[in-house]
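Below, read A as the first sequence line, B as the second, and so on, with proteins coming before strands; counting in each chain starts at 1. Small disclaimer: the values here were computed from a predicted structure and weren't measured.
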2 protein chains.
Amino acid sequence: MRRNATSLAAPPVPSNGATLVNVARAASVSLATASRVFSNPELVRQDTAERVLQAAGELGFRPNLLGAKLRAQRSRIVGVMLPTLENAVFAECWHGIEEAALAQGYSLMLVTSRYDPARERERIEYLLRHRVDGMVLTVADAARSAVLEQLDAEGVPYVLAYNQGARRGKRYSVSVDNRVSARAGVERLIAAGHRRISVVSGAFVASDRARLRHMGYQDAMRAHGLQPLPPLSLPAHTPTQTPAEVERIRRFVTAPSAPTALFCTNDMLAIGVISILKRLGLSVPGDVSVLGYDGIELGQLLEPPLSTVAQPNNEIGARALGCLLARLEPASARAAPAPRMPRATLLPHALREGATVGPPA
Amino acid sequence: MRRNATSLAAPPVPSNGATLVNVARAASVSLATASRVFSNPELVRQDTAERVLQAAGELGFRPNLLGAKLRAQRSRIVGVMLPTLENAVFAECWHGIEEAALAQGYSLMLVTSRYDPARERERIEYLLRHRVDGMVLTVADAARSAVLEQLDAEGVPYVLAYNQGARRGKRYSVSVDNRVSARAGVERLIAAGHRRISVVSGAFVASDRARLRHMGYQDAMRAHGLQPLPPLSLPAHTPTQTPAEVERIRRFVTAPSAPTALFCTNDMLAIGVISILKRLGLSVPGDVSVLGYDGIELGQLLEPPLSTVAQPNNEIGARALGCLLARLEPASARAAPAPRMPRATLLPHALREGATVGPPA
DNA sequence: GTGAAAGCGCTAACAT
DNA sequence: ATGTTAGCGCTTTCAC
């Protein structure tokens, strides 16, 4: 309900009456024709269209998408659920999603889950009530996610972002190969001369990606005849710099045969760990090397720039949306029924050199 | 249009038919009564409500908000336009907005403008077509913003976040006092012994906040009998670490009577500048002190932790939403017509000590 | 406390 | 190429 302007002389005031019916009336055409001018312009003659457009302009007509979406029985809204935007990985991903949706004429509805299952349920329900046609989402652990099972049961189309499709290959997903890319990262560490390398992970049990990256680490170690070391598992995704946590890290890196390199399962973690190491009087990469994972832009702003396994975050978002739309609109110009569109899209990762990795002390 | 589950035994499958009419039918009440159970439960007798609720449960009813919003003539959707989420300030602000909206039963629609006027126009139009009841937004420069003028002319309720309400006090806004808080920050620098202090700003002309913060800097300098120095104005909001830019900064901080302290108009800028200084072989705060502005969480993760003028970002978002809702729902339990609700809400800032500020070299 | 009826603004058959 | 006619699913007077 728009209030009228306080009688300013702005001609096209889209106050109440500017509906399609009135536009049609003003242009002396039927409601249907007026509608077509906006949705299927090719079905209406040039000059008729112009009359309608002009009437629309004079009345300050602005289509009411609520009406359109309700009637059309498909909202062209995509729901997006991300853990948080305060980790730049997901902010970058949103960027890609928004761009792609804009280009395709889809609307978006964003919610954040904070990795909280109860909140996930609530936020998914919210999206569903808004009648989203499908969703793009990242969950903590796809294999044991209640919401994904619910969506599967209800037949809601969705595409996972970052979570690598598992579930007997029955789920659509867009990600990098977490295991292989992590292995590549750790091999970079090994190539630099490190033998004692440890994983640092936040909220280990909760994240399927963290686990896959850990497996990649083990692959690398074993392939090079090295002994995988027990990981340091921090409670949060971002280090809380409490004295207790700092102390844990101190012990971890100063023990008799402490690791000379740390592979952090995400960049925020790596950044926090590097700071703590510095506070402990250790130099990075002088005393300890640190490798991150994610490739957030911020990493390159730091000094030394963060060495990391970079994911194409924008593209993950854009591709996830694209993949979803392809599912929602099967009839897009191809005659072939697209027999087996690959369900898990794996995008290439990149090793970003940075300067937090050096030879062992 | 939800597809049916592939015949899994999930009882409440919200397939097509689960509409309010059918719920009403199943509970042997009228459509009106069924509706009231969900929107005005106090108008319906206890046992009737229970019958309806049970029927709803059995049918797997999920209200279609599109229908509700269309009919109600108020969408209870708030549009949010932020410059980008890749700067954590705005991600944190979104956090506050989402929390507040969830608590109040409002829906949200997010768009990012990337500080691009053309995109701003387009994204605002998108929000308007979705019939948002109002908006929370941050623009580059409120005083010369085309979209704000448009919104004013159309009478769309909105509340600015971060932008300090100007326009003869006619606009609602939630922010800190940019000028006063900047002055306080610079006075902290002066108290540390600095005399030659410069402002570093990104995209100066484009940001009203950057200008206000610069004025606060001038206030502080003059109040202490110091000569304001010409600012270093970088092209982007985030430093692009091109050789040319690095060189500019090098000259700036190594000139004959170069500043001993730098006041950056936002934290991302400060972080980037600190990195560049380090690369130039300068120590922070040993050789140069750096003070940021924004108070993003990330700043405290760094080593040394960023000294900064902190804004309550979550709260700015939450309060902006609250302020908007107060405008949208004037009849909230108070008899008084709220004669002059303050239009510009100023929240307190805080000086975060950090460790990037020290005595001059 | 409950019901009947009238749309919100739009799209999509189906006619012509 | 254009018009006619039904609704999409819901809220909301207005009666009873």
Side-chain angles (χ1 to χ4, degrees), chain A residues 1-2 14-52 55-56 59-77 105 107 128-133, chain B residues 1-2 14-52 55-56 59-77 105 107 128-133:
Chain A
M1 191 154 304
R2 211 103 287 124
S15 54
N16 315 322
T19 75
L20 245 198
V21 223
N22 290 334
V23 171
R25 212 166 272 153
S28 324
V29 296
S30 76
L31 172 60
T33 301
S35 172
R36 283 190 273 256
V37 171
F38 295 98
S39 24
N40 294 68
E42 68 279 10
L43 295 185
V44 51
R45 232 182 31 226
Q46 185 79 45
D47 55 317
T48 321
E50 273 160 18
R51 262 184 21 245
V52 173
L59 292 177
F61 171 68
R62 174 142 53 212
N64 183 334
L65 261 27
L66 256 24
K69 288 174 189 307
L70 172 60
R71 168 61 222 234
Q73 291 296 83
R74 51 185 298 218
S75 62
R76 286 174 175 281
I77 302 176
S107 307
L128 257 12
R129 291 184 175 203
H130 282 281
R131 287 303 187 270
V132 297
D133 288 340
Chain B
M1 191 156 303
R2 210 102 290 123
S15 54
N16 316 321
T19 75
L20 203 49
V21 223
N22 291 334
V23 171
R25 213 165 272 152
S28 323
V29 296
S30 75
L31 171 59
T33 301
S35 171
R36 284 190 272 257
V37 171
F38 294 98
S39 23
N40 294 68
E42 68 279 9
L43 295 184
V44 53
R45 233 183 28 227
Q46 185 78 45
D47 56 316
T48 321
E50 271 161 19
R51 259 176 33 238
V52 172
L59 291 177
F61 171 68
R62 175 140 55 209
N64 183 335
L65 261 26
L66 255 26
K69 289 174 189 307
L70 172 60
R71 169 61 223 235
Q73 290 296 81
R74 51 185 297 219
S75 62
R76 285 173 175 283
I77 303 177
S107 307
L128 257 12
R129 292 185 174 202
H130 282 280
R131 287 303 186 272
V132 298
D133 288 340

Quick one: on DNA chain C, does A/Pro63 or B/Leu43 contact a more 5' nucleotide (nearest heavy atom)?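 The residue whose closest nucleotide sits nearer the 5' end is B/Leu43.
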Please tell me which of the listed nucleotides, [options], lies nearest to the side chain of [X]?
X	options	result
A/Arg36	C/dG9, D/dG3, D/dT11	D/dG3
B/Arg45	D/dA1, C/dA12, C/dT2	C/dT2
B/Thr33	C/dT2, D/dG9, D/dT12	C/dT2
B/Asn64	D/dC10, C/dG1, D/dA6	D/dC10
A/Arg71	D/dT11, C/dT2, C/dC10	C/dC10
A/Ala32	D/dG3, D/dC10, D/dT2	D/dG3
B/Thr48	C/dG3, C/dC10, C/dT2	C/dT2
A/Ser30	D/dA1, C/dG9, D/dG3	D/dG3

Given atom [atom1] of [X] and atom [atom2] of [N], what is their separation to the nearest angstrom?
X	N	atom1	atom2	result
A/Arg25	D/dG3	CZ	C1'	15 Å
A/Phe38	C/dA12	CZ	P	15 Å
B/Leu70	D/dG7	CG	P	17 Å

Please list all pairs passing the salt bridge (charged side-chain N to carboxylate O under 4.0 Å, His left out) test where one or both residues lie in residues 26-50 of chain A, with sequence neighbours left out.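 Counting only pairs at least two positions apart or across chains, the salt bridge (charged side-chain N to carboxylate O under 4.0 Å, His left out) contacts touching residues 26-50 of chain A are A/Arg45-A/Asp47.
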I want to check something: taking the side chain as every heavy atom from C-beta on, are A/Arg62 and B/Arg131 in contact at a cut-off of under 4.5 Å?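 Yes - at least one pair of side-chain heavy atoms lies under 4.5 Å apart.
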